[in-house]
Amino acid sequence: MPFARIAGTGRALGNRLVTNEDLARIMDTSDEWIQQRTGIQTRYWTEDGQSCASMAAEATEKALAAAGMDKSDIDLIILATLSGDAFFPGASAFLNDRLGLPGVPSMDVRNQCTGFLYALASGNAMIRSGTYRRVLVVGAEIHSTGLDMSSRGRDVTVLFGDGAGAVLLEATEEEKGILSTHLHADGRFAKALWTDAPASAHHPLRITAEMMEEGLIYPKMEGRLVFKHAVMKLPEVINEALQHNKLSLDDIDHFLFHQANLRINEFVAGAMGIPETKVRNNIQKYGNTSAAAIPILLDELLESGNLLEGQLLLLAGFGSGFTWGSCVLRW
Ligand SMILES: CC(C)(COP(=O)(O)OP(=O)(O)OC[C@H]1O[C@@H](n2cnc3c(N)ncnc32)[C@H](O)[C@@H]1OP(=O)(O)O)[C@@H](O)C(=O)NCCC(=O)NCCS
């Protein structure tokens, strides 16, 4: 049974740098509040002309170059996003078109901040089963055009950024690459972090002027509940991954956690006794880019030159759904 290794990574961002001060000019918030509660200093938001698929394509081109592959090598496209180009079809159809790959199977994964881990697990399973040899896995999000820019939405709006991260998975006969994936969900909390409309659950229309006025088109979050569950579920899924691979925390060289809130990651690392030097964060620059966060983090780790052959990585994330998961990789 082949293993799936990551042959190349790439990233793309929204074109517009937005500081906390920029937000404080349009809503009742402050740089001090945002930094204290979340660690975020800046985020990148898209400009007209950018789309979820365009950023995904940009990240893919970089990943292809890094892997020394041609786009014609791609057997399957998996795109994780909660903010696709259209209501349907999935954003992977638009990515397929941008890459010029007619006939190549393309699918969306819609698991919010755990989306990349679900997509990676799916790509891994396709390779392990022998179905495909090279799978493109991308996480891409445009949050900015769906956020409430008034003070009503300040608890959510200040958190999110736009971006994309891509990895190319390739089958290998060596025992390296993805060693395990673990995925979880608990739909009892589906409405603890969600956007209500437009949606087919509304009858007879998916969206009305009243619904827009009420703000149902914007994400709503029970922040404290999300925080509480994130700091509980992340250690659980990290321990599950370690036990499965018969590894200890000390064996892991790099921990790449989803970037939802610096305080969540600091809390988890502190509670588990993971040294700060092993936990990489970039939420300070990018905010929460949901499905794009972990692949962007991985791309930056590679770029830094600190990821060495043979090292072990543990990826873990938690998000809307609730969903959570992990992946252990040998580089
Ligand atoms: C969002 C979060 C930072 C808020 O921090 P908190 O300490 O829970 O803050 P609260 O929601 O209790 O709000 C505290 C106060 O700050 C205010 N506040 C909320 N957002 C604010 C903002 N952007 N600027 C200034 N004040 C704000 C609230 O209105 C509240 O005011 P009040 O005390 O007068 O009622 C925190 O709950 C969190 O990070 N949750 C998890 C989020 C997450 O991970 N989401 C993504 C998952 S993938």
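None of these values were measured; they are calculated from a predicted model.
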Nearest 0.5 Å, please: how far is [atom2] in [Y] from [atom1] in [X]?
X    : Y    : atom1 : atom2 : result
I6   : E170 : CD1   : CD    : 11.5 Å
S180 : L242 : OG    : CG    : 8.5 Å
E300 : N282 : CD    : CG    : 4.5 Å
H254 : L312 : NE2   : CG    : 9.5 Å

Please say yes or no: joined through hydrophobic side-chain contacts below 4.5 Å, possibly via intermediate residues, are [X] and [Y] part of one cluster?
X    : Y    : answer
F318 : I238 : yes
M126 : L329 : yes
V279 : L301 : no
W194 : W324 : no
L13  : L256 : no

Check: [Y] main-chain N/O paired with [X] side-chain donor or acceptor under 3.5 Å:
X    : Y    : value
R206 : A201 : no
K233 : T323 : no
D28  : S151 : no
T157 : D148 : yes
T172 : F3   : no
Q259 : F257 : yes
N261 : R37  : yes
S320 : Q112 : no

Could you tell me if the side chain of [Y] sits less than 4.5 Å from the side chain of [X], heavy atoms only?
X    : Y    : answer
W33  : N20  : no
L117 : T181 : no
L136 : K71  : no
S106 : L95  : no
Y132 : L169 : no
L315 : L120 : yes
E175 : R330 : no
Y44  : R16  : no

By the definition side chain to side chain contact (heavy atoms under 4.5 Å, CB included), identify the one residue from L297, N111, I294 that meets it with F116.
I294
Could you go step by step and tell me if L313 and L298 meet the side-chain contact (heavy atoms from CB on, under 4.5 Å) rule?
CA-CA 10 Å; L313 295 106; L298 176 62; 4.0 Å; yes
Looking at every non-hydrogen atom in both residues, tell me the closest pair between [X] and [Y] and how far apart they are.
X    : Y    : value
V167 : P295 : CG1-CB, 4.4 Å
G49  : S54  : O-OG, 4.3 Å
L168 : A67  : CD1-CB, 4.0 Å
T9   : A66  : O-CB, 3.8 Å
A260 : N288 : CA-ND2, 3.6 Å
S144 : T46  : OG-OG1, 3.6 Å

Taking only distance into account, with no hydrogens and no angle test, what donor-acceptor pairs under 3.5 Å do side-chain atoms of residues 74-94 form with protein atoms, sequence neighbours excluded?
| residue | atom | partner | partner atom | Å |
| --- | --- | --- | --- | --- |
| D75 | OD2 | R133 | N | 3.0 |
| D75 | OD2 | R134 | N | 2.8 |
| T81 | OG1 | S83 | N | 2.9 |
| T81 | OG1 | S83 | OG | 3.3 |
| T81 | OG1 | A140 | O | 2.6 |
| T81 | OG1 | E141 | OE1 | 3.2 |
| S83 | OG | E141 | OE1 | 2.6 |
| S83 | OG | I142 | N | 2.9 |
| D85 | OD1 | A53 | N | 3.0 |
| D85 | OD2 | S51 | OG | 3.2 |
| S92 | OG | M107 | N | 3.4 |
| S92 | OG | D108 | OD1 | 2.6 |

For H184 and E236, which I'm curious about, is there any donor-acceptor pair between the side chains at under 3.5 Å?
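Absent: no donor and acceptor within the cut-off.
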What class does the angle between the rings of F189 and H229 fall in, given that below 30° is parallel, 30 to 60° is tilted and above 60° is perpendicular?
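Ring orientation of F189 relative to H229: tilted.
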When you measure from the centre of the six-membered ring of F255, is the NZ or CZ of R280 closer than 6.0 Å and no more than 45° off the axis?
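Not satisfied by the 6.0 Å and 45° rule.
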Set of residues satisfying ring pair (Phe, Tyr, Trp, His ring centres under 6.0 Å) with respect to H202, sequence neighbours excluded
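Not a single residue meets the ring pair (Phe, Tyr, Trp, His ring centres under 6.0 Å) criterion with H202.
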Residues that F160 engages under ring pair (Phe, Tyr, Trp, His ring centres under 6.0 Å), provided they are two or more places apart
H143
Donor-acceptor contacts under 3.5 Å from residues 211-228 side chains, at least two apart:
| residue | atom | partner | partner atom | Å |
| --- | --- | --- | --- | --- |
| K220 | NZ | G215 | O | 2.6 |
| K220 | NZ | Y218 | O | 3.3 |

Expected list for residues 55-62: side-chain donor-acceptor pairs under 3.5 angstrom, two or more places apart:
| residue | atom | partner | partner atom | Å |
| --- | --- | --- | --- | --- |
| T60 | OG1 | A56 | O | 2.7 |
| K62 | NZ | R11 | O | 2.9 |

I'd like to know whether V158 forms a side-chain contact (heavy atoms from CB on, under 4.5 Å) with I40, so could you lay out the CA-CA distance, the side-chain angles of the two residues, the decisive distance to 0.1 Å, and finally the verdict.
CA-CA 8 Å; V158 301; I40 299 167; over 6 Å; no
Only distances under 3.5 Å count here; give the side-chain donor-acceptor pairs of residues 262-274 to other protein atoms, sequence neighbours excluded, each with its distance to 0.1 Å.
| residue | atom | partner | partner atom | Å |
| --- | --- | --- | --- | --- |
| R263 | NE | Q36 | O | 2.7 |
| R263 | NH1 | E266 | OE1 | 3.0 |
| R263 | NH2 | Q35 | O | 2.6 |
| R263 | NH2 | Q36 | O | 3.3 |
| N265 | ND2 | H258 | O | 3.2 |
| N265 | ND2 | N281 | OD1 | 2.9 |

Assess whether side-chain contact (heavy atoms from CB on, under 4.5 Å) is satisfied between D31 and T19, documenting all intermediate values.
CA-CA 8 Å; D31 176 48; T19 64; over 6 Å; no
Is the number of heavy atoms from other residues, nucleotides or ligands under 6.0 Å of D70 CG greater than 12?
yes
Kindly indicate, with the supporting measurements, whether the criterion side-chain contact (heavy atoms from CB on, under 4.5 Å) is fulfilled by S326 and H182.
CA-CA 5 Å; S326 71; H182 289 91; 3.7 Å; yes
